[in-house]
Amino acid sequence: MAQTDLPAAFGFLASAHTGGGTIPAAVFATRGRRTPLSERLPTQTVDAVLVHPDDGSGGAHACDGDVLVLFAGEIYNRDEIDDALGSAANGANASDAEVVSGLFEKYGHHAFRLINGRYAALLVAGTRVLAATDHAGSVPLYVRPEPGHVLAATEVKVLAEAGGAIRGAPVPGTRRIRRLPGVHQVPAGAVLDIRVGTGEVTVHRTWTPPVHRRLVTESEALNNVRAALEKAVIRRLPAGRRPLVVLSGGIDSSAVAALSAGAATAGIDTLSMGTDVSNEFPQARVVAEHLDSRHRELTVGSEDLLALLPHTVHAAESLDPEVIEYLLPLTALYRRIDGPPRRILTGYGADIPLGGMHREDRLPNLDTAVAYDMDTFDGLNEMSPVLSAVAGHWSTHPYWDREVLELLTVLEAGLKRRYGRDKWVLRAAMSDVLPAETVNRPKLGVHEGSGTTASFSLLVRRAGVAEDDIAAVKARVVQQLFDLTVIGGVHPDDIAVEEIIGKILAEGRR
């Protein structure tokens with residue numbers, strides 16, 4: 001089932017309460033229309049704000065009796081779910097929110113184990129509030145549970161507007177948010193089952209990264225990878241419209257572009273970004289010409305790129321300096337896509353299950369690195385749709401489709417590093433639809449090709465930071481940007497990163 005250009009909603013803010021309750025100002029970074037709604041259920045009242053494209057938010061919420069669903073994002077395995085539900089959710093005409101309601105009626109909170117999607121959901125039923133994320137937590141979701149009142153939002157900055165909170169007991173398995181007592185991030189692949197009357201929370205896991213590995217033949221591995229990735233790409237294509245694929249010319253993005261071009265009847269658009277320090281335009285051009293895509297190249301000056309550091313932290317709400325480096329060029333790219341909002345496919349994320357960033361020939365070490373990366377991605381917000389939604393676009397990442405991710409993760413390390421090649425199984429699976437020079441091209445990180453790391457480091461060096469202290473200073477910069485933009489509500493345009501670095505150095509000299 002192909003998708004519409006944009007989902008019914010990008011995000012939401014919700015307040016579920018048994019008595020009185022207030023809802024904070026909806027200060028989303030996401031661009032879109034804000035639609036308030038209020039539903040009085042038999043035992044709870046739900047007040048909410050949906051942020052959504054101009055087409056309307058009707059498909060993002062459903063209310064049936066004492067069950068209300070708010071849904072931000074989209075479901076990719078609708079065909080299978082519709083078959084399982086039959087007429088229970090009005091079949092193919094049902095919205096994603098109605099599908100979640102139908103699944104809950106049949107399976108309870110286990111319904112979220114059945115969904116392959118990119119979403120955050122809030123389901124209110126009786127005296128319970130269920131806050132759920134997809135398997136990767138790719139649409140972040142934050143909650144603040146108190147006795148008689150639960151706040152939930154897809155951007156934590158919204159909850160920062162809520163003022164003081166009851167600190168409450170720790171919620172095992174969740175991450176508390178810096179400087180926001182009582183606020184927790186819903187883990188990837190989990191449902192927080194909240195009893196509104198008491199504020200008590202139970203965590204149910206709906207997905208965990210597989211730790212076993214499969215031994216299969218080369219041909220079986222290649223066929224499986226190709227089929228799973230192609231299926232994931234097709235499910236993300238806009239129905240009858242041209243998708244936009246972010247193209248670096250590396251194997252990850254080129255594979256997504258090739259499979260999109262093979263399935264999109266209207267053709268595809270591709271887009272590459274570089275800086276005045278570095279770019280990958282020649283490599284991307286080879287692929288674009290091979291696929292006959294409508295291709296564009298964008299160059300962003302290093303200083304302009306670094307000026308977007310506060311915007312990147314504000315959108316991603318991440319405290320990890322490496323993740324912010326990775327996301328910085330994407331932030332610049334998304335903000336420079338002109339015209340109407342687009343559905344954007346990327347090659348982001350393949351490195352984690354395939355060990356692409358680890359130039360390691362020793363297979364036990366490579367698999368250890370894959371296992372560690374799969375176990376620690378949660379809470380980094382690398383896949384947050386807010387990065388593109390600040391410009392009104394919707395991004396989606398086929399490598400982090402649940403079926404693709406499971407398949408790539410469980411392949412034994414010898415299929416990921418083989419014949420001296422990193423990500424061999426992906427390269428070999430795509431060798432018939434891509435130029436040989438693309439298939440054989442050495443791996444570069446998204447931030448390496450655009451010069452982001454060099455630019456960020458240069459900014460810190462110019463301030464007089466010693467080489468050994470650069471990483472620590474970057475981490476302090478990101479932390480202060482988080483405190484200012486996410487917690488403090490300071491607009492990213494009003495922040496000078498150079499001044500922050502100067503203050504950090506001054507504090508270090510005291």
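Scope of the values below: all heavy atoms of this structure, side chains included, with no hydrogens, waters or symmetry mates. Position 1 is the first residue of the sequence; numbering continues from there.
- For the pair Arg179/Asp483, a side-chain contact is recorded, criterion being any heavy-atom separation below 4.5 Å from C-beta on.
- Between the side chains of Ser254 and Thr438, no donor-acceptor pair of N or O atoms lies under 3.5 Å.
- Between the side chains of Thr396 and Arg118, no donor N or O sits under 3.5 Å from an acceptor N or O.
- Classification of the Phe377-Trp207 ring pair by plane angle, with boundaries at 30° and 60°, yields tilted.
- Inter-residue side-chain proximity for Leu345 and Val233 is flagged as met; some heavy-atom pair is nearer than 4.5 Å.
- Neither side chain, Asn365 nor His358, offers a donor N or O lying under 3.5 Å from an acceptor on the other.
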Please step through side-chain hydrogen bond (donor to acceptor under 3.5 Å, both in side chains) for the pair Ser395 and Tyr348, ending with a clear verdict. CA-CA 10 Å; Ser395 57; Tyr348 199 85; over 6 Å; no

Take Asp469 and Arg461, measure what salt bridge (Lys or Arg N to Asp or Glu O under 4.0 Å) needs, and give me the verdict at the end. CA-CA 10 Å; Asp469 297 331; Arg461 287 193 188 95; over 6 Å; no

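- For the pair Met273 and Glu280, the minimum side-chain heavy-atom distance is 4.5 Å or more.
- To the nearest 0.5 Å, atom OH of residue Tyr399 and atom CG of residue Leu408 are 8.0 Å apart.
- Donor-acceptor pairing under 3.5 Å is recorded for the side chains of His184 and Thr174.
- Taking a 6.0 Å sphere around CZ of Arg362, one finds it holds 12 or fewer heavy atoms contributed by other residues, nucleotides or ligands.
- Donor-acceptor pairing under 3.5 Å is lacking for the side chains of His397 and Ser138.
- Side-chain contact, Ser302 with Asp276: a donor N or O sits under 3.5 Å from an acceptor N or O.
- Side chain to side chain, His149 and Ser15 meet the donor-acceptor criterion of an N or O pair below 3.5 Å.
- Side-chain contact of Glu297 with Asn279: a donor-acceptor pair under 3.5 Å is absent, judged by distance alone.
- Within 6.0 Å of CZ in Arg241 there are 12 or fewer heavy atoms belonging to other residues, nucleotides or ligands.
- With a 4.5 Å cut-off on side-chain heavy atoms, Pro187 and Leu192 count as touching.
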